[in-house]
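First up is the structure itself, then whatever we jot down about it.
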2 protein chains.
Amino acid sequence: MTLSDDAHDLIRRDIVNGTLAPEEPLRMDALKTRYGMGFSPLREALNRLQAEHMVIAVPQRGFAVAPVSPALMWDVIRTRIHIETRALEISIMQGDDDWEAAVVSSLHGMLLQARRLAEQECPTEDDFRCMEDRHRRFHRALIDACGSNWLLDFAAKLYFNSERYRFAALAGSIRGTVGRNVQDEHRRLADAATARDTARATELLTHHYLETGRYLESVLAVPQSENTVSD
Amino acid sequence: MTLSDDAHDLIRRDIVNGTLAPEEPLRMDALKTRYGMGFSPLREALNRLQAEHMVIAVPQRGFAVAPVSPALMWDVIRTRIHIETRALEISIMQGDDDWEAAVVSSLHGMLLQARRLAEQECPTEDDFRCMEDRHRRFHRALIDACGSNWLLDFAAKLYFNSERYRFAALAGSIRGTVGRNVQDEHRRLADAATARDTARATELLTHHYLETGRYLESVLAVPQSENTVSD
DNA sequence: GGCAATCAAATTTTCGAAAATATATTCCCA
DNA sequence: TGGGAATATATTTTCGAAAATTTGATTGCC
């Protein structure tokens, strides 16, 4: 792993969790100090992040964190639904025992960490990072048997972009599901997938994302208050 | 426009038209000489191209042109159909007069250049470049009113990747229309789109890409020299 | 006072050398 | 002769300085 890879992961994380605010200019000197490396790996990382819609670049004027807005959020969500429902269909059709095992396993790991997080009174940064990671792995496991590098890559890029909105809504209050049990949605989704019920699985996935979108929209419309968060 | 942008476009072009062969290692010194610039803009370009599946990077071992294979080609084509039929549906639904005008206009420009190219006995490099450009613009115009940056960006990335196979088949012989009239397919596609016949337009688009795939597969099956065999 | 033009400071972009890492070759010894 | 450390070479990766460009401030002019 090179320094560029580190820079890529670190900057992306800081953009996703809002440490680097939307539209904030990214000055090379500041980045150099913050991440403790030279120009080259930083610029290489920013060039990759540009292709992933995490930053924008204006020639001779440097980079800035990509903006966020309800319209942009819905575009991400709709596109994600279009990509992932397709990938899920194929996965359900083609997935073997290993795929099923990975779905069950990643679901279990995520639920364990979700419970741990809920019981903990003062979770550490690492606890959240672990939860985030297992959540990502679960959604990836569902579609992992689709056999298309392109669909998987697009899904990954959309995932990180949509996470920006979850984290934005998280600012202030930590946990909480309003009117719905997100982990239960995950469980039912995994059940439908392993039961090879394509129609139900894609419907649950679509509903899962749309509900999250509606919720985030409502939370982001009234910022800075005591908010609760779902996914 | 920065040197990095130039490098990005130049290297991509050389990969698409096969000047840089699939899986060929990209040594920094050679690139420096070939493109007449320093390490920085070259590496920045390569990092972007990596995110676009045009090159692959192995840490500490540099970059190489991304491989090609029938399996990879079909993945690109299937994904492209999935993305573009969706974008086309929305475009047809939402496109205004300007969209229709752009479709008609870009079709016309492409047909003009296609005829010019067919009549010319010894077309220049620029003639081909112009044709390639107008072809790309036509396909972009069709979906341009979909209103989704993500769909348009994915379509663009898939376009350049699929062009690699067209150029590979083109190596040696110039004109690649056997048993079908490609420009007529384009015309009928534009007609269906501007007539707002969604079902027919998406059907024609799908057929257009599948036929191209079948044709390329047959041509690439018996090439002159060594074949890259991967998954 | 308004408005260019000019200069100074800040910032991005690019370069070539240096450091780190991989690959090839040589040499030694059983 | 063959295996394997040791060395040499080739290549990637990273750094900090230099060049190019933008931004902000100041001055001079009408």
Side-chain angles (χ1 to χ4, degrees), chain A residues 1-16 18-68 153, chain B residues 1-16 18-68 153 226 228-230:
Chain A
M1 223 203 199
T2 71
L3 264 184
S4 296
D5 295 327
D6 290 342
H8 177 255
D9 291 352
L10 289 171
I11 298 175
R12 183 178 59 195
R13 176 184 300 165
D14 284 343
I15 291 174
V16 167
T19 307
L20 296 170
E23 302 186 61
E24 179 179 339
L26 297 167
R27 299 228 178 65
M28 295 310 298
D29 262 323
L31 298 180
K32 226 176 104 169
T33 315
R34 171 190 264 270
Y35 297 106
M37 50 183 84
F39 293 116
S40 310
L42 288 169
R43 285 188 60 87
E44 288 178 23
L46 290 170
N47 272 280
R48 269 190 261 178
L49 290 168
Q50 183 189 5
E52 300 166 6
H53 294 223
M54 297 298 287
V55 308
I56 54 175
V58 182
Q60 320 293 5
R61 226 169 293 186
F63 298 87
V65 179
V68 295
D153 180 60
Chain B
M1 221 202 200
T2 71
L3 265 185
S4 295
D5 295 328
D6 290 341
H8 177 254
D9 292 352
L10 289 171
I11 299 175
R12 184 178 59 194
R13 174 185 301 164
D14 285 343
I15 291 175
V16 167
T19 306
L20 295 169
E23 302 185 63
E24 180 180 339
L26 297 168
R27 297 229 178 64
M28 295 310 299
D29 263 322
L31 296 181
K32 225 177 105 170
T33 314
R34 171 190 264 270
Y35 297 105
M37 49 183 85
F39 293 116
S40 310
L42 288 169
R43 286 187 60 87
E44 289 177 22
L46 290 169
N47 272 280
R48 268 190 261 178
L49 290 168
Q50 183 188 7
E52 299 166 6
H53 295 226
M54 298 297 287
V55 309
I56 54 175
V58 182
Q60 321 293 4
R61 226 170 293 186
F63 297 86
V65 180
V68 295
D153 179 61
E226 62 177 53
T228 49
V229 185
S230 60

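Note on naming: letters A, B, ... go to the chains in the order of the sequence lines (proteins, then strands), and numbering restarts at 1 for each one. No experiment lies behind these values; they were computed from the predicted model shown.
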* Structure fact -> Residues in residues 35-51 of chain B with a heavy atom under 4.0 Å of DNA chain C, by number, are Met37(B), Gly38(B), Phe39(B), Ser40(B), Pro41(B)

* Asked: In Å and rounded to the nearest 0.5 Å, what is the CG to CE distance from Leu42(B) to Met28(B)?
  -> 5.0 Å

* Going from CZ on Phe39(A) to CG on Leu31(A), what distance comes out if it is rounded to the nearest 0.5 angstrom? -> 10.0 Å

* Between dT21(D) (P) and Met1(B) (CE): distance, integer Å -> 15 Å

* Mind calculating the distance between CD (Gln60(A)) and P (dT21(D)) to the nearest angstrom? => 6 Å

* Which nucleotide, dT13(C), dA22(C), dT14(C), lies nearest any side-chain atom of Leu3(B)? -> dT14(C)

* **Close side-chain approach of Thr19(B) and Arg34(B), heavy atoms under 4.5 Å** => yes

* OP1 or OP2 of dT13(C) sitting under 4.0 Å from any side-chain N/O of Ser4(B)? -> no

* Asked: With a 4.5 Å heavy-atom cut-off, do Asn47(B) and Phe63(B) have their side chains touching?
  -> yes

* Under 3.5 Å, side chain of Asp9(A) to main-chain N/O of Asp6(A), donor-acceptor pair present? -> no

* Show the numbers, then the answer: is there a side chain to side chain contact (heavy atoms under 4.5 Å, CB included) between Leu46(A) and Arg48(B)? => CA-CA 9 Å; Leu46(A) 290 170; Arg48(B) 268 190 261 178; over 6 Å; no

* Structure fact -> Between the CD atom in Glu52(A) and the CZ atom in Arg12(A), the distance rounded to the nearest 0.5 Å is 6.0 Å

* Under a 4.0 Å heavy-atom cut-off, which of residues 20-32 of chain A touch DNA chain C? -> Leu26(A), Arg27(A), Met28(A)

* To do: First locate atom CZ of Arg13(A), then atom CG of Leu20(A), and finally report the distance between them rounded to the nearest 0.5 Å.
  => 12.0 Å

* **Atom pair distance, as rounded to whole Å: CD1 in Ile56(A) and P in dT12(C)** => 14 Å

* Reckon Arg61(A) has a side-chain N or O less than 4.0 Å from the OP1 or OP2 of dT23(D)? -> yes

